[in-house]
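To find a chain, count down the sequence lines: A is the first, B the second, and so on, and within it residues start at 1.
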Amino acid sequence: MLCGQERNCESSDTVLKKEVQMTPTPARVRFAPSPTGYFHIGGARTALFNWLYARHTGGKFILRIEDTDRKRFHSDALQDHLQGLRWLGLQWDEGPEVGGDYGPYFQSQRLHFYQEWADWLIEQGAAYRCYCTTDELNEMRDRQRATKQKVGYDRRCRWLSPAERAAREAAGKSWVVRLAVPLEGEVTFHDAIRGDITYANAQLQDAVLIKSDRWPTYHLANVIDDKMMKITHIMRGDEWLSSVPLHWHLYQAFGWRPPVWAHLPVILNPSGKGKVSKRAIQTPSGATIPVFVHEYQKMGYLSPAVVNFLTGIGWALDGETEIYDRETAIAAFDIHNIQASPGAFPTDKLEWMNGMYIRQMSTEALLSALVPFLSEQLGVEAETLGHDPRLRLLAPAIRERIKTLRDAAPLIDFIWAEDVPIPTAKDLVPRKTTPEQTRVILAAIIERLQHLCEWSEPTIETALRALVGELGVKAGQLFNPIRVAVTGKDVTPPLFVTLAAVGQDVTVQRLQRALAVLTG
RNA sequence: GCCCCCAUCAUCUAGAGGCCUAGGAUGUCAGCCUUUCAAGCUGAAUACAGGGGUUCGAACCCCCUUGGGGGCACCA
């Protein structure tokens with residue numbers, strides 16, 4: 001039917017190199033999730049690469065919902081995908097909620113296309129109805145395994161005579177449609193990332209195209225939709241590579257020219273062993289981190305950081321620059337410098353990168369990002385927090401101490417706590433200092449701070465530094481007991497701003513309480 | 001088991017036959033800074049899986065081995 005000469009033009013590297021140099025023609029690419037589960041971080045990478053390529057070429061990023069698996073359908077999954085894509089800023093040009101000229105974009109609304117084309121394939125002799133039941137197939141496979149034969153559909157229904165078919169139809173037997181793949185020969189197709197790949201047809205199965213419920217399988221639906229939606233490049237996970245020969249034969253049977261295939265390397269666990277899990281990622285330290293996009297959002301990762309991070313798995317801007325915005329990535333992105341080799345999910349790098357993005361935020365931006373997290377973690381009204389001058393005072397100090405937005409609360413919870421734990425003498429007395437020395441120092445501090453007229457970071461600093469000189473002690477001997485007494489912690493944001501935020505009355509009161517511990 | 005894909009520091013990666021005694025980043029370690037913790041700065045250690053070819057020359061091309069991954073459903 002088709003089309004050797006058309007295929008040839010894709011399998012030549014020289015042509016590909018020319019394409020790189022030319023201004024790219026606008027691509028139509030798609031992200032085609034199945035709403036059987038939540039939006040996975042690996043899926044986000046696939047979506048992102050497609051989106052980058054669409055933007056790079058000035059083309060279209062299409063969102064298509066592959067909801068043909070009715071058994072595993074989850075009603076929340078679709079919204080989770082839409083929400084996740086929006087959070088990442090990967091707005092689609094055609095698809096659910098935005099429409100487009102090639103809809104509908106839900107496969108469940110396109111069933112008639114698949115059925116019509118399947119019938120057409122049967123008429124052409126490229127496909128056939130198979131009447132085998134699940135039980136029969138299982139039995140067949142069991143027997144194949146027992147006799148150590150190759151496991152796979154034995155094509156028994158492919159060779160049925162018209163009379164045999166008529167009998168089965170008359171008996172009302174249920175059926176599926178299978179593709180009649182060539183028994184001999186081989187198929188060579190081109191992958192933009194991997195080059196030419198050859199499969200022996202003998203390895204292929206007569207795959208099911210239409211299930212007994214009359215719904216299509218992925219194989220049929222994706223080929224028809226990609227054609228009808230004028231998809232130019234298929235960028236999807238590596239796990240699809242081995243079904244390309246099947247799709248190739250479908251394109252062949254339809255007489256259509258296939259899009260460019262580009263199979264992205266899978267993301268492996270951080271250990272480098274095994275594909276990243278569908279549920280949780282195991283870090284080398286034994287902890288687990290989540291895999292769903294909405295979980296990253298909840299954990300206080302920033303969407304630009306996640307996007308930047310994800311671009312770096314399987315692709316690199318220039319091999320030097322790590323932090324860059326999406327416009328920079330769009331300008332440089334190309335299918336031909338996507339890696340072929342699978343890569344582990346570098347969790348440490350995500351942490352670092354998120355911290356970098358947080359540190360680049362303005363105080364104002366940080367504050368508004370932080371408030372929902374603090375509100376939830378500290379149990380304080382968001383409205384109240386948003387106007388709290390103490391938070392504003394502390395924001396610059398916590399900015400360089402957190403890797404995620406969720407890290408902030410434990411750092412500054414003493415501000416909103418009803419009370420902080422009463423420190424023990426052991427906590428209050430620094431190394432190389434006696435309890436008696438600390439008692440004297442604390443008393444002097446109280447005396448000094450109590451009478452401070454203006455309570456602010458600089459005035460507190462001036463007063464306390466002066467005291468260090470007057471008492472002839474080391475800075476730490478004076479500062480550390482204050483920290484512990486006032487916050488109940490030995491690790492806090494810088495002391496002076498912390499005291500300024502806590503307030504004069506509370507500071508003095510907590511210092512007195514600590515002094516009592518040492519006196520009593 | 002069969003088929004396909006892949007192979008540069010622990011990890012993400014740069015590298016298109018000479019620019020490579022292999023570059024960047026994370027992580028690790030050390031130093032500086034310092035009121036704690038961070039951040040920042042400086043420095044250090046760590047890689048072309050192994051073996052054969054091809055070539056004047058190979059991390060880059062070919063083959064084999066090994067290792068890793070994916071697939072073999074009326075799931076996508």
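- Positionally, the nearest nucleotide of RNA chain B for A/R45 lies more toward the 5' end than for the other of A/R45 and A/E320.
- In the set B/U13, B/C75, B/C3, B/C3 carries the atom at the smallest distance from any side-chain atom of A/Y199.
- The base of B/C2 does not come close enough to the side chain of A/K150 for any donor and acceptor atom to sit less than 3.5 Å apart.
- In the model, A/D225 has a side-chain atom that pairs as donor or acceptor with a side-chain atom of A/Q107 under 3.5 Å.
- At a threshold of 4.0 angstrom between heavy atoms, the contacts of A/G314 are confined to the sugar-phosphate backbone, with no base atom among them.
- Mapped onto RNA chain B by nearest heavy atom, A/G476 and A/L241 fall at different nucleotides, with A/L241 at the one closer to the 5' end.
- Taking 4.0 angstrom as the limit, A/K211 places a side-chain polar atom (N or O) nearer than this to OP1 or OP2 of B/A76.
- The side chain of A/Q339 lies closest to B/U13 when the candidates are B/G27, B/G40, B/U13.
- For B/C5, the base has no donor-acceptor partner in the side chain of A/R194 [N/O atoms by modelled type, under 3.5 angstrom].
- Across B/C74, B/C2, B/U35, the shortest atom-to-atom separation from the side chain of A/V176 is found for B/C74.
- Nucleotides B/C48 and B/G71 place their C1' atoms 29 Å apart, quoted to the nearest Å.
- When the P atom of B/A73 is taken as reference, atom CG of A/D154 falls 13 Å away, rounded to whole Å.
- For A/D154 and A/R156, the salt-bridge test passes: some basic side-chain N is under 4.0 Å from an acidic carboxylate O.
- With both ends at atom P, the span from B/A49 to B/G40 equals 33 Å, rounded to whole Å.
- The aromatic rings of A/F479 and A/F496 lie perpendicular to each other, with more than 60° between the two planes, well past the 30° mark.
- Remark: A/R110 fails to qualify as a cation-pi partner of A/F106 under the 6.0 Å distance and 45° angle criteria applied to the six-membered ring.
- Proximity of A/T68 to the phosphate of B/A76: a side-chain N or O atom is located under 4.0 Å from OP1 or OP2.
- Interface remark: the A/E322 side chain does form a donor-acceptor pair with the B/G24 base, using a distance-only criterion of under 3.5 Å.
- Taking atom OH on A/Y153 and atom P on B/A73, their separation rounds to 14 Å, with Å as the unit.
- Side-chain atoms of A/S341 stay outside donor-acceptor range of the base of B/C6, with no qualifying N/O pair under 3.5 Å.
- Considering all non-hydrogen atoms of both residues, A/V468 and A/K474 come closest at CG1-C, 4.4 Å.
- Distance from the side chain of A/N480 is smallest for B/U35 among the nucleotides B/U35, B/A39, B/C12.
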